[in-house]
4 protein chains.
Amino acid sequence: MIIELDMQSDVPIYTQLVHQIIEGIASGRLKPGEPLPSVRNLASDIGVNLHTVNKAYTLLKQDGYIQVHRQKGVVVHPEGMPPVTEDFLNKQLEELRPIVAEAICRGMTKDDLLKTVEHIYLKITQTRKE
Amino acid sequence: MIIELDMQSDVPIYTQLVHQIIEGIASGRLKPGEPLPSVRNLASDIGVNLHTVNKAYTLLKQDGYIQVHRQKGVVVHPEGMPPVTEDFLNKQLEELRPIVAEAICRGMTKDDLLKTVEHIYLKITQTRKE
Amino acid sequence: MIIELDMQSDVPIYTQLVHQIIEGIASGRLKPGEPLPSVRNLASDIGVNLHTVNKAYTLLKQDGYIQVHRQKGVVVHPEGMPPVTEDFLNKQLEELRPIVAEAICRGMTKDDLLKTVEHIYLKITQTRKE
Amino acid sequence: MIIELDMQSDVPIYTQLVHQIIEGIASGRLKPGEPLPSVRNLASDIGVNLHTVNKAYTLLKQDGYIQVHRQKGVVVHPEGMPPVTEDFLNKQLEELRPIVAEAICRGMTKDDLLKTVEHIYLKITQTRKE
DNA sequence: GTGGTCTAGACCACC
DNA sequence: GTGGTCTAGACCACT
C-alpha cells in the first residue's frame, strides 16, 4: 500500500493518513482482516514520527475501520465496516455543505457537481472490480 | 443575515464565517453589491474577536467573493463570482475524495451519495427562485 | 479542585486524572459550565507533562463530560452529563464482574458488598447536598 | 471450563485469564482441589503464548487462589480461599470508586447501581446452588 | 518486536 | 495565552 503525504498541506499528517487508509479500504486495495504495518514500520517508511502514525491508527480504531489485535497486530476490521449512522450522515452533510455552496457560487451546475462526485466515486471503486 | 457559530466545533470560527457567507451568497440571500456589516459591527453582533471577522473577510476578498471599499464598506462582489478555475477544481477534488471514500466504506451506494449532494444543492438554491 | 496522583500506581496518570475529574463532577465540586484549568496550567500544577493532561481532557471530551470551548477554554459540560447508554452498562458490567467475583471468592456476603458500594456512593454524593 | 478471551480488549490477556478463573471458582464451576490444565495445555487450547498463561497462574498463586504441585500439577487451592484483608478492601475500594463516580455522573440512582451489583452477584453464585 | 505511556521541547493556528 | 500538531527519545507491559 502506497501512502502519499503532502508535508506542505495544512491538513494534519495524521488526518492525511486516515484519509489514505480509508481510501485504501474503499478501493479494495486493503481488504478486511488484512494486516497493516506496525506503527513503527509505517512511521519509518513514510518518514514521520511514530506518534503521528499512532494517532491515525487510534482514530481509525475508534471509528471501527481497524482493529488492534493483541497477537496479529493492526488489521483492517475483518467484519465489515462501520454502518451509516445518523451521526455520520450529519457529519457528512456539514462537510459537504460548504463545498456545494462554493460550487454554486462559482457557477457549477448541479449536473457538473454530480458528475464530479460520480467521477470520484467510480475512480475509487474501479480497482475493486478488477 | 443570520450567522450561526458552533464554538465547540473543530472548524475555526473564521472558517465557519467564510462558509456561512458563501452559503448566503449561493442561496441568494446575499445579492451582488449588497453591503455586509463592518468588521466591528459583525464582531460585536456575533460576539467574536475583531481579528476573527477580519480574517474571514480577508479570505473572502482574496477569493473574489467580496469587495472592501474605503467608503461603502464591505459589499458582496457586484460583478459576479469567481470562476471555476483549475485550481478550484483540484481543491474541490481533494476535499471531496475523503468524503466519498468514507461513504463507500460505510456502504453508501453511488445513488445514495449523489442524492445527498443533490439534496444539499437544491436546499441551498431553492430560496433563490422565490 | 485538588488532584491527587499516585505516580507509583500501575494506573496510567491520564486515567487517574480522568477518574478524579469525573469524581469531582459526581461529588458536585465541579459544576456544569465551570471552567477547568488550561492544559498547561494543570500540567504544571500537578507536575506532569502537558500531553498527559491533554490526553485526559481528550478522553473526557469524547465521553461528553467536558467541552472545549473556543473562547472560554475547557469547561465542564454545561448541559448535563452523558446518558446511561447500553454501551455504558455493558462496560460497567465487565468492570464490575471481576471485582464481584473476587469478593465472592474471599467470602464477602452479598450484603457486605452492597454495603461497600453504598458507602462509596454516599461518600461521593454527600458533599453535594451541603 | 470454557475460557473466553477478547483479543481486541485493552485488558491484558493474562488479566482476562485471571478474571475468568476467579469467576470460575466464585461460581463453583471450579471446586477446591480440582486440577487445572497445565500451562502448556491451556496455552495451546486457547491459542496464546506460554508466558501469558504462566503469568496468570503465577498471579493466582500469589493471591492464594491456586497451588502449583510438582506432581499433581496446578490445582484450585484446596483449603479455602484467601481472606478479606485490609489490603484487599483498599484495593477493592480504589477499583470501585471510579465506577461508582461515573455511574453517579450519568444519573444512575443508588438503587439502580446496587441492583446491578446484586444482579452480578446472583448471576455468578446461582450455579453454585445447583 | 508490539503497542502504550510519558517526557521534553518546539512550532503553529486560533482568538 | 489557548489548544493542536509534530518530533525525538525513553521506558514499560504484553506476547
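Only a predicted model underlies this, so the values are computations on that prediction, with no experimental measurement involved. In what follows, chains carry the letters A, B, and so on, assigned in the order in which the sequence lines appear, proteins first and then strands, with residues in each chain numbered from 1.
Rounded to an integer number of Å, the gap from CD of C:Gln8 to P of F:dA13 is 13 Å. E:dC15 atom C1' lies 13 Å from atom CD of B:Gln16, rounded to whole Å. Summarising the geometry, the separation between CD1 on B:Ile46 and C1' on E:dC15 is reported as 13 Å, rounded to the nearest angstrom. Rounded to a whole Å, the CG atom of D:Asp10 is 9 Å from the P atom of E:dG4. Regarding A:Leu42, its CG atom lies at a distance of 12 Å from the P atom of E:dT2, rounded to whole Å. Rounded to an integer number of Å, the gap from D:Met7 CE to E:dG3 P is 16 Å. Separating the CG atom of D:Leu17 from the C1' atom of F:dC14 is a distance of 13 Å, rounded to the nearest angstrom. The interatomic distance linking B:Asp6 (CG) with E:dC15 (P) rounds to 12 Å, in whole Å.
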If you apply the rule side chain to side chain contact (heavy atoms under 4.5 Å, CB included), what do you find for A:Val74 with A:Leu42, and how did you get there? CA-CA 11 Å; A:Val74 182; A:Leu42 184 50; over 6 Å; no
Go through the steps to decide whether D:Lys55 and D:His51 satisfy the test side chain to side chain contact (heavy atoms under 4.5 Å, CB included), and finish with yes or no. CA-CA 6 Å; D:Lys55 181 156 188 179; D:His51 302 334; over 6 Å; no
Between A:Arg97 and B:Glu23, does a side chain to side chain contact (heavy atoms under 4.5 Å, CB included) hold up when you go through it step by step? CA-CA 8 Å; A:Arg97 229 164 66 179; B:Glu23 193 176 323; 3.2 Å; yes
Taking it one step at a time, do B:Tyr14 and B:Val48 satisfy side chain to side chain contact (heavy atoms under 4.5 Å, CB included)? CA-CA 10 Å; B:Tyr14 77 84; B:Val48 301; over 6 Å; no
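In this structure the side chain of C:Asn90 never reaches within 4.5 angstrom of the side chain of C:Thr85, judged on heavy atoms. Within the 4.5 Å cutoff, side-chain heavy atoms of A:Thr58 are placed close to those of A:Asn54.
Among the heavy atoms of the strands, none lies under 4.0 Å from C:Lys72. Using a 4.0 Å heavy-atom cutoff across all strands shown, D:Val48 reaches no nucleic acid atom at all.
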Its dot-bracket string being built from Watson-Crick and G-U pairs below 3.5 Å, with | for another strand and [ ] for crossing, DNA chain F has the pattern ||||||||||||||.
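The side-chain hydrogen bond (donor to acceptor under 3.5 Å, both in side chains) test with B:Gln8 is passed by exactly one of C:Arg70, C:Gln67, C:Lys61: C:Gln67. Applying side-chain contact (heavy atoms from CB on, under 4.5 Å) to D:Leu60 and the options D:Ile22, D:Val68, D:Leu17, D:Leu36 leaves one that passes, D:Ile22.
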Short N/O separations, protein against nucleotides 12-14 of chain E, under 3.5 angstrom:
| from | atom 1 | to | atom 2 | distance (Å) |
| --- | --- | --- | --- | --- |
| E:dC14 | OP1 | B:Tyr14 | OH | 2.9 |
| E:dC14 | OP2 | B:Tyr14 | OH | 3.0 |
| E:dC14 | OP2 | B:Lys55 | NZ | 3.0 |
| E:dC14 | O3' | C:Arg70 | NH2 | 3.4 |

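Remark on DNA chain F: of its neighbouring residues C:Thr58 and A:Gly47, the 5'-side contact belongs to C:Thr58, judged by nearest-heavy-atom nucleotide. Both C:His51 and C:Gly73 lie close to DNA chain F; mapped to their nearest nucleotides by heavy-atom distance, the more 5′-ward contact belongs to C:Gly73.
At F:dC6, none of the side-chain N or O atoms of A:Thr52 fall inside 4.0 Å of OP1 or OP2 (strictly under the cut-off). Residue D:Asn49 places none of its side-chain N or O atoms closer than 4.0 Å to OP1 or OP2 of F:dC14.
Listed nucleotides E:dT2, E:dC15, F:dT15 differ in distance to A:Asn41; the shortest reach to its side chain belongs to E:dT2. With E:dG4, E:dG3, F:dT5 as the choices, the nucleotide that has an atom nearest any side-chain atom of A:Lys61 turns out to be E:dG4.
Here the shortest heavy-atom pairing between B:Tyr57 and B:Ile21 reads CE1-CD1, 3.9 Å.
For the residue pair C:Ser38/C:Arg40, the side-chain donor-acceptor check at 3.5 Å is not satisfied.
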